[in-house]
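Following: one structure in structure tokens, then a few remarks.
Heavy atoms only: backbone and side chains are in, while hydrogens, waters and symmetry mates are out. Since this is a predicted model, take the numbers as computed values, not measurements.
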Amino acid sequence: MGGTTAKICLIKDQTPKTSTTFEVARTTRFKKGSGMPISIPVIEMVEIGAGGGSLAHVDSLQQIRVGPESAGSEPGPACYQQGGERPAVTDADLLLGRLDPENFAGGSIRLSRECSSAAVKQHVGVALELDETTAAFGISEVVDENMANAARVHAVENGEDLSGYSMIAFGGAAPLHAGRLCEKLGIERLLVPPGAGVGSAIGFLRAPFSFEATRSSYMRLSAYDPEAVRRVLDELVQEAEAFVRSCDTDSPLTLERKAYMRFVGQGWEIPVSLSEADAQAADSSAVSARFESAYRALFGRTVEGLDVEITSWSVRVSTPVPPVMPVEAVPAQREAVSDQQRALFDPVGQRFDEAQVIDRNALEPGMAVTGPAVIVESETSIIVPPGFQAVMQTDGCVMLGRNATGSGSEATI
């Protein structure tokens, strides 16, 4: 969650889901089907207009709406004092105590609580006859519910139950809202990695060299042509390898082959991973078995009596990702103590609590922070809700989870 958008992606078995199409030139930015689809491999994720700069207003039904319009970096939220007059999510976060007006962006930007208050009152409070705090809470709760609902829909579309997942929060605004999303989604563990505020940049710099070549080549399993399959996949391997070798001439390469398959008559195909043996097989039996296994895992059953068709093929070649050694979770060993406190709004109790303010750089592995609390750093802040406890891990991640007395109760507005 950054300044203009929130993006949600499912990662399973350490691998994010991918898609073969991407929409460009959308007439409505966040509406599927309003743009031009192009065939290009992308990480499959849902994107909504929910960022720190997303603007709030009251619609004709007297309901608070947030986004997709954004204040951007110029003029930015009203609290930036750069000419913005409409309330943004950052303004609500400031009024709810999640941000320190004197220490925003490492102290490089001074925020104006007065400007935020005026904007929230004028554009939300007056229209709904709400006080400043309730109006700011309404803005925050709407944007959090927008993100939670998008996550629920994305999980259902992929046949997944989010309660078994861990959440990883990055982007400047995500650690401010991730704890509340965990409450809404029933997620028990939240990880905030080091450098979370610039997580996208870190990921880009650490990513391996990779190229995915795709080709449309329609084929039904009832008319399976092993020679044609071998020819297509071999050509895709050559294309992808040539690109990666132009970036790295020495590293060993990994190959992933996929066929995008569906039952005849369906309008949506699923990716099916193929081994090298599958690609060289003399008949379709192995490919058919892999499709049925993947289809059953996603939908719970297969469709009897229908032929299966392959719409396209892909080969992904990449340099190896450095092995990641599992990190043993460190339990809470001692409580972090700070003499700094701040009034922090609790959306479940709908009241301000005195929350301790902890510098992330002062935390050592095993040190715990019990909510309500704010863990601050130069690029973002981590909100630890009541009923949660944050523990610093050996790899620099802050892990949040419900403590023994955490209620995890839900509030509505």
Side-chain angles (χ1 to χ4, degrees), residues 9-10 12-13 15-26 31-47 153-160 210-243 254-318:
C9 173
L10 287 171
K12 191 171 184 179
D13 299 326
T15 304
K17 285 184 65 67
T18 59
S19 175
T20 57
T21 58
F22 183 71
E23 281 189 25
V24 298
R26 282 180 172 173
K31 184 177 180 181
K32 286 184 178 181
S34 65
M36 178 184 295
I38 58 175
S39 181
I40 182 174
V42 292
I43 299 295
E44 183 177 304
M45 53 190 176
V46 60
E47 180 185 40
V153 172
H154 191 50
V156 169
E157 289 177 344
N158 288 276
E160 296 292 337
S210 176
F211 186 84
E212 185 170 343
T214 62
R215 182 175 302 177
S216 296
S217 181
Y218 181 82
M219 183 183 299
R220 291 193 181 190
L221 292 190
S222 59
Y224 191 76
D225 184 346
E227 287 299 325
V229 171
R230 283 193 285 270
R231 184 170 59 253
V232 168
L233 291 177
D234 287 346
E235 290 174 356
L236 291 175
V237 168
Q238 293 176 15
E239 179 184 349
E241 280 189 351
F243 181 89
T254 60
L255 277 73
E256 297 177 45
R257 300 170 178 84
K258 289 181 181 179
Y260 290 83
M261 306 174 66
R262 64 192 182 192
F263 286 107
V264 172
Q266 293 183 327
W268 182 53
E269 58 273 0
I270 64 172
V272 178
S273 296
L274 305 177
S275 67
E276 184 174 0
D278 297 334
Q280 300 296 326
D283 57 48
S284 64
S285 57
V287 177
S288 178
R290 287 189 179 270
F291 168 72
E292 290 187 1
S293 175
Y295 195 93
R296 186 177 293 106
L298 187 58
F299 298 109
R301 63 183 182 88
T302 59
V303 181
E304 299 295 334
L306 289 182
D307 199 358
V308 176
E309 58 189 4
I310 303 171
T311 60
S312 59
W313 310 79
S314 75
V315 171
R316 181 175 181 265
V317 175
S318 59

Listed pairs under 3.5 Å, donor-acceptor, residues 286-299 side chains, sequence neighbours left out:
| from | atom 1 | to | atom 2 | distance (Å) |
| --- | --- | --- | --- | --- |
| Arg290 | NE | Asp278 | OD2 | 2.2 |
| Arg290 | NH2 | Asp278 | OD2 | 3.4 |
| Tyr295 | OH | Gln266 | NE2 | 2.7 |

>> Side chains of Met261 and Glu309, heavy atoms from C-beta outward: is any pair under 4.5 Å?
In response: no

> How long is the span from the CG atom in Leu10 to the CD atom in Glu44, to the nearest 0.5 Å?
Replying inline: 8.5 Å

> What heavy-atom pair brings His154 and Cys9 nearest, and what distance separates the two atoms?
Replying inline: NE2-CA, 4.4 Å

>> Before you tell me yes or no, could you show the steps for Glu160 and Lys12 under salt bridge (Lys or Arg N to Asp or Glu O under 4.0 Å), namely the whole-Å CA-CA distance, both residues' side-chain angles and the distance that decides it to 0.1 Å?
In response: CA-CA 10 Å; Glu160 296 292 337; Lys12 191 171 184 179; 3.0 Å; yes

>> Looking at every non-hydrogen atom in both residues, tell me the closest pair between Ala279 and Val229 and how far apart they are.
In response: O-CG1, 4.1 Å

> Closest heavy-atom contact between Ala281 and Pro226?
Replying inline: O-CB, 3.5 Å

> Could you state the interatomic distance from CZ (Phe243) to OG (Ser318), rounded to the nearest 0.5 Å?
Replying inline: 12.5 Å

> Residues in side chain to side chain donor-acceptor pair (under 3.5 Å) with Ser217, at least two apart?
Replying inline: none

> Which pair of heavy atoms, one from Glu304 and one from Thr302, lies closest together, and at what distance?
Replying inline: OE2-OG1, 3.6 Å

> How many angstroms lie between atom CG of Leu255 and atom CG of Leu274, to the nearest 0.5 angstrom?
Replying inline: 12.5 Å

> Should Asp225 and Met219 count as side-chain neighbours, where that means a heavy-atom distance under 4.5 Å?
Replying inline: yes

>> Nearest 0.5 angstrom please: Ser314 OG to Leu233 CG, how far?
In response: 9.0 Å

>> Testing the basics here: between Arg257 and Val315, what is the closest heavy-atom pair and its distance to 0.1 Å?
In response: CG-CG2, 4.2 Å

> Does the side chain of Ser210 come under 3.5 Å of the side chain of Arg316 through a donor N or O and an acceptor N or O?
Replying inline: yes

>> Can a side-chain donor-acceptor contact be found between Ser216 and Ser312 if the only test is distance below 3.5 angstrom?
In response: no

>> For the residue pair Arg220 / Tyr218, report whether a side-chain donor-acceptor contact shorter than 3.5 Å exists.
In response: yes

> Heavy-atom distance under 4.5 Å between the side chains of Leu221 and Asp307, does that happen here?
Replying inline: yes

> Can you name the nearest heavy-atom pair linking Phe211 to Glu239, along with the distance?
Replying inline: CE2-OE2, 4.0 Å

>> Any non-hydrogen side-chain atom of Thr214 less than 4.5 Å from a side-chain atom of Tyr260?
In response: no

> Between Asn158 and Lys17, is any pair of side-chain heavy atoms under 4.5 Å apart?
Replying inline: yes

> For Asp13 and Thr15, does a side-chain donor sit closer than 3.5 Å to a side-chain acceptor?
Replying inline: no

> Run the side-chain contact (heavy atoms from CB on, under 4.5 Å) check on Arg262 and Ile270 step by step: do they pass?
Replying inline: CA-CA 6 Å; Arg262 64 192 182 192; Ile270 64 172; over 6 Å; no

>> Are the side chains of Val317 and Glu256 in contact, using a 4.5 Å heavy-atom criterion?
In response: no

